[in-house]
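Take a look at this one; I'll ask things after.
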Amino acid sequence: MTQLCNSNPRADGFHMPSEWAAHTRTWMLWPERTDNWRLGAKPAQKAYVAVAEAISRFEPLTMGVNQGQFQNARGLLPPQVRVVELSNNDAWMRDCGPTFVVNGSGEVRLVDWVFNAWGGLKGGLYFPWDLDDLVARKVADLEGVDRYRAPLVLEGGSIHVDGEGTLLTTEECLLNENRNPEFTKEEIEQYLMDYTGVSKVVWLGAGVYNDETNGHVDNIACFLRPGLVALTWTDDHNDPQYPISKDAFERLGKALDAKGRRLEVLKIHQPDPVIIAAEEADGVDAVDGTQPRQPGARMAASYINFYLCNGGAILPTFNDPHDEPARATLQKAMPDRKVVGVPAREILLGGGNVHCITQQQPKG
């Protein structure tokens, strides 16, 4: 029987490990919302299958599905993927799902953050989100691990850790009035330390241009290893992303990590602007309370939104000239793992990418 812990991970000797630490499995959720995914979510489901197939070559994967989609998902997914009924509002496991924490004795627990669909009634992306807010609790029961309920609205994509005490995040997201307006920056930082076990928070300013998550860090910057951060970049001074990435580069250059090291920054050039086509926008159902897709709008495409699994890295690609240079640069920086590209436009059309739809469960 799983328990709700009344303390916090840091007090109990737990911490959030790095994404490159060994995993027990990966978790995903199955897309089906016709007011977010075009053409009845069929193209998105094929993209999710491609991601699941790629990950399952490296480690076990569990796909959570709503009851009405079980047979469809089971039929489309490869047999090595575990499919379980796990009711949800939409398919963003990184953000509504748990953050797993471990201790020195090999025990695994999880953090159950408060989820409000990226802003609640002040700019949130859909309503209701009650099923999503229960996902972490259900995962705890499925895996038989104890959980902490954090008193903080937070999505998993808004934080990234190096496993050695340093956490990356953005002011645009965590200081947004639609997340935790009752807390100061210092109070939010303390909660981050208490619930992930870090001792140093490095604040970037904003996230990727037009990111509807209010600037999740996992789309603009991430650790590749302690002391090395990958950053989305453009050399075009007229691109609206340029001042954002330049500010992040300068902040990272001035920062010290928890071990007192200067951070090295690896620039990964962004894809050319990815624009929503009219037929793509027209394929999404118009529903009150859901953010519409507008033809001609620029999406927040980034190669930083990749996922590290056991021995692999799953990289979003966009049929873009920058795809292969991004893959090659990351492969050189991570020679101990295989970087695999997957076509990700259909995931991006839903508002995120490969990292946003996955969540790692570390080994103890």
Sequence-distant partners of Glu85, salt bridge (charged side-chain N to carboxylate O under 4.0 Å, His left out), two or more places apart: none
Charged N-O contact under 4.0 Å between Lys138 and Glu143: no
Heavy-atom check, side chain of Arg82 versus side chain of Val84, under 4.5 Å: yes
Under 3.5 Å side-chain donor-acceptor pair for Asp218 and His355: yes
Under 3.5 Å side-chain donor-acceptor pair for Thr329 and Tyr303: no
Sole residue of Val83, Ile357, Leu76 in side chain to side chain contact (heavy atoms under 4.5 Å, CB included) with Trp30: Leu76
Pairing of Arg137 and Asp112 as salt bridge, 4.0 angstrom limit: no
Cation over ring face, Arg10 and Tyr195, 6.0 Å, 45°: no
Main-chain N/O of Ala258 paired to Thr166 side chain as donor or acceptor, under 3.5 Å: yes
Whether Gln361 side chain and Arg25 backbone form a donor-acceptor pair below 3.5 Å: no
Rounded distance [0.5 Å steps], OG1 in Thr184 versus CD in Glu182: 10.5 Å
Shortest non-hydrogen separation from Val81 to Leu77 and the atoms involved: CG1-CD1, 4.1 Å
Leu204 and Val217, any side-chain heavy atoms less than 4.5 Å apart: yes
Salt bridge flag under 4.0 Å for residues Arg293 and Glu212: yes
Side-chain H-bond candidate by donor/acceptor type, Asp146 with Thr2, under 3.5 Å: no
Contact list for residues 43-91, test ring-ring contact (aromatic ring centres under 6.0 Å, His included), sequence neighbours left out: Trp37-Tyr48
Gln80 atom CD: more than 12 heavy-atom contacts under 6.0 Å: yes
Backbone N/O of Leu131 and side chain of Asn89: donor-acceptor pair under 3.5 Å: yes
Polar contact flag, side-chain donor to acceptor under 3.5 angstrom, Asn36-Asp90: yes
Check: Asn88/Asp132 side-chain N/O donor and acceptor closer than 3.5 Å: no
Side-chain donor-acceptor pair present, Trp27, Gln359, cut-off under 3.5 Å: no
Whether over 12 other heavy atoms sit under 6.0 Å from Lys122 NZ: no
Side-chain H-bond candidate by donor/acceptor type, Gln270 with His322, under 3.5 Å: no
Test salt bridge (Lys or Arg N to Asp or Glu O under 4.0 Å) applied to Arg262 and Glu264, step by step: CA-CA 7 Å; Arg262 289 282 179 191; Glu264 180 185 353; over 6 Å; no
Could you pull out all donor-acceptor pairs under 3.5 Å where a side-chain atom in residues 243-252 meets a protein atom, sequence neighbours excluded?
from	atom 1	to	atom 2	distance (Å)
Ser245	OG	Thr232	O	2.8
Ser245	OG	Gln241	NE2	2.9
Lys246	NZ	Glu250	OE2	2.7
Asp247	OD2	Arg251	NE	3.0
Arg251	NH1	Glu171	OE1	3.4
Arg251	NH1	Glu171	OE2	3.1
Arg251	NH1	Trp203	O	3.4
Arg251	NH2	Glu171	OE1	3.4

Shortest non-hydrogen contact from His216 toward Cys173: CD2-SG, 3.6 Å
Ion pair check, Arg298 and Asp239, cut-off under 4.0 Å: yes
Considering all heavy atoms, the nearest Val111-Pro9 contact: CG2-CG, 3.9 Å
Donor on one side chain, acceptor on other, His23 and Gln360, under 3.5 Å: no
Check ion pair Arg33-Asp35 (N to O, under 4.0 angstrom): yes
Distance-only side-chain donor-acceptor flag, Asp235 / Trp233, under 3.5 Å: yes
Asp336 CG: over 12 foreign heavy atoms closer than 6.0 Å: yes
Side-chain (Asp323) to main-chain (Asp320) donor-acceptor, under 3.5 angstrom: yes
Pairwise distance SG(Cys309) to CG(Leu61) - rounded to 0.5 angstrom: 9.5 Å
Ring-ring centroid check Trp113 Phe115, cutoff 6.0 Å: no
Aromatic plane relationship, Phe223 with Trp20 - under 30° parallel, 30 to 60° tilted, over 60° perpendicular: perpendicular
Minimum heavy-atom distance Asp12-Tyr148, with the two atoms named: OD2-OH, 2.8 Å
Under 3.5 Å side-chain donor-acceptor pair for Asp236 and Thr234: no
N/O donor-acceptor pair under 3.5 Å between Thr317 side chain and Val342 backbone: yes
N-O pairing of Lys200 and Asp162 below 4.0 Å: no
Pair Gln69, Asn66: side-chain N/O donor-acceptor within cut-off below 3.5 Å: no
Separation between CD1 of Ile159 and CG of Leu167, rounded to the nearest 0.5 Å: 5.5 Å
Donor-acceptor side-chain pairing of Arg179 and Asn214 below 3.5 angstrom: yes
Donor-acceptor under 3.5 Å (Asp194 side chain, Asn8 main chain): no
Exercise: identify the closest heavy-atom pair between Leu330 and Val339: C-CG2, 4.1 Å
